[in-house]
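Please read the structure below before turning to the comments.
By convention in this document, chain letters (A, B, ...) are assigned in the order of the sequence lines, proteins followed by strands, and residues within each chain are numbered from 1.
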There are 2 protein chains.
Amino acid sequence: MSAMRQFHLFNASMTGAGRRDDAIYRALWEAIVAHKLPPGARLPEDALASAFKISRTGIRRVLQRLALERLVTLVPNRGAQISHPSPAEAHDVFEARRMLESSAMISVVERHTAKDLVHLRQLTEAERQALTQRRRSEAIRLSGQFHTGLVALTGNESLLDFISQLVSRSSLIIAVYGDSRHTGCTCSHDELLALVESRDPVAASQWMSAHLEEIVSGLDFTQDTVAEPDFERLFATF
Amino acid sequence: MSAMRQFHLFNASMTGAGRRDDAIYRALWEAIVAHKLPPGARLPEDALASAFKISRTGIRRVLQRLALERLVTLVPNRGAQISHPSPAEAHDVFEARRMLESSAMISVVERHTAKDLVHLRQLTEAERQALTQRRRSEAIRLSGQFHTGLVALTGNESLLDFISQLVSRSSLIIAVYGDSRHTGCTCSHDELLALVESRDPVAASQWMSAHLEEIVSGLDFTQDTVAEPDFERLFATF
DNA sequence: GTGAACATTTTTGTATACAATTTTCTCCAG
DNA sequence: CTGGAGAAAATTGTATACAAAAATGTTCAC
């Protein structure tokens with residue numbers, strides 16, 4: 001569980017609030033990317049405030065942050081809800097990922113160490129197991145971790161921030177347009193690691209580009225999802 | 001003045017607040033990127049609240065947004081101040097820009113129209129005039145507009161959001177490490193437009209990559225800036 | 001004079017009260 | 001039964017009060 005958060009950057013200098021805010025932010029973030037809060041779900045301030053046992057002031061801070069990261073949509077006088085990405089937004093997100101991640105591979109091929117590869121292979125193995133055991137949401141989470149973990153090897157924090165955001169949004173996109181039958185993509189992340197290990201920047205870059213195109217081409221833009229969650233129960237263990 | 005804002009995306013669904021918040025955000029944003037508020041300057045909530053004639057609640061919302069965009073740094077119990085990017089952050093920002101903007105040129109070469117080029121050439125002309133007349137901060141602003149305007153032609157909102165943020169941060173970086181003698185770069189943005197017009201994606205992409213590398217190599221990482229501004233006077237016309 | 005301890009002021013953090021808006025419910029005319 | 005007007009409830013928007021922390025100023029021993 002702690003490994004899940006390792007690539008997501010949280011620090012007090014961004015929000016000014018202490019670790020309590022961060023904990024609430026992470027709880028909501030995990031609930032969103034794990035599809036426990038479906039796109040379109042409303043997020044009433046009072047319900048969240050009592051669930052997390054703080055005042056609405058703190059909740060609003062967290063909601064605004066999630067809104068700026070596009071995981072939540074804030075409508076004036078009508079509150080917050082989990083974002084429901086449009087098809088156009090879905091294309092934009094994966095196109096931006098394609099540009100950034102394929103470029104990042106050049107740097108990753110140059111800078112990676114053997115230890116980095118070991119760690120990434122552990123992720124792919126965990127992902128493979130999650131897939132075979134039909135733990136779909138965890139497979140998506142691990143896949144996201146693989147992509148952010150790869151970009152983290154560039155050592156570029158600004159880049160990592162943006163990719164982390166795009167990966168989170170991808171999770172929402174998959175929740176809305178992902179075909180629940182096949183698992184997203186047929187290829188394995190191990191193929192990429194082999195190219196990285198062989199220090200072939202062009203091949204790694206092109207593989208990543210094709211990989212992201214394959215994911216977006218596997219989306220089905222003719223479905224939808226809505227629901228009304230129970231925050232007290234969802235965050236009872238907080 | 002209105003053209004200045006056209007590529008900066010503001011919408012209520014991101015913050016939930018009305019147009020008053022946006023107006024305050026823009027006023028502070030312009031003050032920061034125009035170097036009227038130097039890096040390191042403190043931003044006391046009370047002073048801003050009385051300057052903008054709203055309560056601290058609204059100011060805190062705006063400050064948090066600026067903090068998430070890295071233009072402002074929020075230190076717990078010590079308030080907000082204009083961010084003072086480190087040399088490492090400066091390199092990261094321009095490296096991320098290099099990746100994104102050079103990739104974006106491929107799409108721009110494909111999609112641009114004659115009308116787009118006319119508009120961009122107006123920007124380069126205005127930039128040239130600002131340079132010859134030694135209006136340094138306006139030249140930086142127009143240069144930023146050129147870059148965001150170019151990326152806007154991709155039609156990718158997520159990409160544009162991120163580039164807008166990186167361009168804003170670049171303005172802060174230039175405020176801290178920019179050599180006040182030469183104007184930033186020796187080359188002209190017109191060269192790029194010629195490559196775009198000739199529909200040469202590889203050349204346009206490589207030009208952009210070299211351009212951004214030249215800017216960062218022109219920075220001098222041995223200087224600094226600090227000050228204490230007067231908000232009442234600065235936003236008197238608000 | 002120096003500097004440490006204490007008091008004062010300033011500034012930020014949090015909760016809450018109240019206003020404004022939206023949503024839901026109720027009732028009655030048609 | 002339908003649907004629209006109006007009342008009631010729920011929810012968000014904003015300001016402010018109070019608590020907590022940091023910055024500043026003062027005093028006094030040495």
Does any N or O in the side chain of B:His35 come within less than 3.5 Å of the main-chain N or O of B:Ser171, such that one atom is a donor and the other an acceptor? yes

Every protein N/O within reach of nucleotides 6-9 of chain C N/O, cut-off under 3.5 Å:
none

Hey, can you tell me if A:Tyr177 and A:His84 have their rings parallel, tilted or perpendicular (30° and 60° cut-offs)? perpendicular

Atom CZ of A:Arg42 and atom P of D:dA10 are separated, to the nearest Å, by 14 Å

With DNA chain C as reference, determine whether A:Thr57 or A:Arg78 sits nearer its 5' end, using the nearest nucleotide of each. A:Thr57

Charged N-O contact under 4.0 Å between B:Arg70 and A:Asp161: yes

When rounded to whole Å, the CZ to P distance for the pair A:Arg60 and C:dG13 reads 17 Å

Return the value, rounded to whole Å, for the distance between atom CZ of A:Arg20 and atom P of C:dT14. 10 Å

Taking the inter-plane angle between the rings of A:Phe162 and B:Phe162 on a 0 to 90° scale, is it parallel (under 30°), tilted (30 to 60°) or perpendicular (over 60°)? parallel

Rounded off to whole Å, could you give me the CD-to-C1' distance for the B:Gln81 and D:dA22 pair? 14 Å

Counterpart residues, side chain to side chain contact (heavy atoms under 4.5 Å, CB included), relative to A:Glu127 (two or more places apart): A:Leu142, A:Ser143, A:His189

May I ask you to test the A:Leu100-A:Val151 pair for a side-chain heavy-atom distance under 4.5 Å? no

Nearest-neighbour nucleotide for the A:Ser55 side chain, C:dT14, D:dT14, C:dT22 considered: C:dT14

Rounded to whole Å, the CG-C1' distance (A:Asp46 to D:dA10) equals 9 Å

CG of A:Leu48 versus C1' of D:dT11: gap in Å, rounded? 13 Å

A:Arg56 vs B:Glu45, nearer the 5' end of DNA chain C by closest nucleotide: B:Glu45

Less than 3.5 Å apart, which donor and acceptor atoms pair up between the side chains of residues 87-94 of chain B and the rest of the protein, not counting sequence neighbours?
residue: B:Glu89; atom: OE2; partner: B:Arg169; partner atom: NH2; Å: 3.0
residue: B:His91; atom: ND1; partner: B:Pro87; partner atom: O; Å: 3.2
residue: B:Asp92; atom: OD2; partner: A:Glu157; partner atom: N; Å: 3.2

Once you round it to whole Å, what is the distance between P of C:dT14 and CZ of A:Arg61? 5 Å

Could you work out which one of D:dA22, D:dA15, D:dT14 sits closest to the side chain of B:Asn77? D:dA22

Let me know the distance between NZ of A:Lys53 and P of C:dT14, rounded to the nearest Å. 18 Å

